[in-house]
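Below you'll find the structure, written out as structure tokens, and then a few comments.
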There are 2 protein chains.
Amino acid sequence: MVDSAARPKRRADAERSIARIVAAARELLSSDPNAKTDDIARAAGVGRMTLYGHFATRAELIDAAFVEALRAGDAVLSSVDLGGNARDAMARLLDSSWQVVAESAALLAAAEEVLPAGRVRELHEEPVRRMTELIRRGQDQGVFRTDMPLDWLVNVVHYILHGAASEVRAGRLAPSRAADVVTRSVQSVLACP
Amino acid sequence: MVDSAARPKRRADAERSIARIVAAARELLSSDPNAKTDDIARAAGVGRMTLYGHFATRAELIDAAFVEALRAGDAVLSSVDLGGNARDAMARLLDSSWQVVAESAALLAAAEEVLPAGRVRELHEEPVRRMTELIRRGQDQGVFRTDMPLDWLVNVVHYILHGAASEVRAGRLAPSRAADVVTRSVQSVLACP
DNA sequence: TCTAACGCGTACGCGTATGTACGAGTTATA
DNA sequence: TATAACTCGTACATACGCGTACGCGTTAGA
């Protein structure tokens with residue numbers, strides 16, 4: 001179940017079931033991090049036993065859903081043009097990141113609850129690396145500040161992103177304004193003081 | 001159990017037990033939001049049945065612990081001088097807020113899980129009001145920006161505060177540097193662009 | 001000193017969710 | 001078409017945690 005390439009002996013219908021289960025898991029866990037395996041199986045249109053045939057534990061299932069969400073997110077973010085002025089590139093990256101983060105916020109919470117902390121960070125490696133590199137480039141260009149640790153700058157961007165997602169979910173921030181306030185806030189934090 | 005003044009017929013030893021239970025709840029829930037009532041009773045040095053004698057449900061206990069934490073926090077924050085230049089006042093307020101928030105982050109998570117959302121916001125009314133007023137004053141003085149909703153500005157401060165607390169807890173940010181990066185980050189977000 | 005309030009242990013009931021065992025029917029694929 | 005893989009239902013074993021019932025010993029406080 002770890003990787004589709006790891007077990008080439010799987011039948012086509014099994015492959016299909018797994019895909020549906022993972023998709024259902026992403027869907028449900030993205031709105032309720034406490035969604036039960038039973039609900040997920042039902043939503044996937046398979047029996048609970050079929051699910052357990054492919055995922056030995058709940059944690060394994062969440063891991064798979066999380067990996068899939070990260071993969072999908074990476075597909076979006078890797079297509080963003082990060083060239084040219086770092087400030088402009090950041091605006092473009094945030095614009096895409098915003099939706100990705102908002103969509104999977106609850107799923108992230110579920111993953112953090114059942115997966116070892118190292119695993120979560122390991123899977124976030126790529127998006128973190130992307131953001132880190134961009135900020136570093138901005139520092140080299142002289143448009144981003146250097147008076148705080150680079151790690152903190154990366155993280156504060158994440159916290160603002162997730163914060164905006166929470167506000168939207170709670171109905172206290174209009175979705176249409178979210179991208180704007182996120183961009184303004186982040187650019188202010190990153191700009192040279 | 002709601003208020004110490006509500007039932008004047010309580011005996012002194014009961015009063016003492018309740019205080020110890022609430023203190024233990026604050027202590028344990030502040031490091032693990034999933035702490036069990038059993039653990040809390042044991043930590044308080046009372047039997048589980050004694051605990052249930054004073055708090056009918058787990059939610060009621062968490063509410064009491066949360067109220068107590070807010071009360072303690074308010075005692076600290078209300079002593080901060082918010083006069084003069086808003087920018088300087090914000091620095092002072094953040095300096096005190098930082099520890100208060102870090103201490104009770106997990107307890108807040110526990111409260112958000114079992115208490116109705118309205119209750120959590122209701123109890124946060126005072127600290128939110130304090131921060132809101134200060135930012136508004138800064139806007140009037142012309143030192144804080146006005147190009148984003150006031151609510152968002154208040155919330156982004158909270159998210160940065162809680163973010164820093166998470167980083168410290170995870171060992172990725174030195175506690176000694178936390179206050180500094182929080183202040184720098186918040187001031188940058190609030191400053192006129 | 002008397003009594004209601006309190007402390008507290010044991011045992012129980014209950015709901016929920018995870019994961020297992022068995023077994024029979026169905027379907028992909030060599 | 002043979003067979004191994006897959007689906008999936010029922011039933012079961014467990015574990016956990018909340019909250020209750022009962023009951024007896026202790027203590028505060030009028």
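The analysis underlying the following values was restricted to heavy atoms, covering all of them including side chains, and did not include hydrogens, waters or symmetry mates. In what follows, chains carry the letters A, B, and so on, assigned in the order in which the sequence lines appear, proteins first and then strands, with residues in each chain numbered from 1. Predicted, not measured: the structure shown is a model, and the values here were computed from it.
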Minimum heavy-atom distance between L107(B) and A69(B), given as atom pair plus value: CD2-CB, 3.6 Å
Inter-residue atom distance L61(A).CG - Y52(A).OH, 0.5 Å rounding: 8.5 Å
R137(A) side chain to G84(A) backbone, donor-acceptor under 3.5 Å: yes
Heavy-atom donor-acceptor pair, S96(A) side chain to L93(A) backbone, under 3.5 Å: no
Rounded distance (Å) that lies between atom P of dC6(D) and atom CD1 of I21(A): 12 Å
Short heteroatom pairs, N/O only, protein and nucleotides 16-21 of chain D, under 3.5 Å:
residue : atom : partner : partner atom : Å
dC18(D) : OP2  : T37(B)  : OG1          : 3.1
dG19(D) : OP2  : R58(B)  : N            : 2.8
dG19(D) : N7   : R48(B)  : NH1          : 3.3
dG19(D) : O6   : R48(B)  : NH2          : 2.8

Min side-chain heavy-atom separation R42(B)-D39(B) under 4.5 Å: yes
Length of the CG-C1' vector between L51(A) and dG19(C), whole Å: 12 Å
Separation of atom CD1 in I18(B) from atom C1' in dA5(C), rounded to whole Å: 12 Å
Whole angstrom value for the distance that separates C1' of dT18(C) from CD of E60(A): 14 Å
side-chain N/O H54(B) vs dG7(C) OP1/OP2, d < 4.0 Å: yes
Whole-Å distance separating the CG atom of L61(A) from the C1' atom of dT18(C): 13 Å
Closest nucleotide among dA4(D), dA28(D), dG7(C) to the R11(A) side chain: dA4(D)
Between C1' of dA5(D) and CD of E15(A), the distance in whole Å: 13 Å
Rounded distance in Å - CZ (R16(B)) to C1' (dT26(D)): 13 Å
R10(B) side chain near I18(B) side chain, heavy-atom distance below 4.5 Å: yes
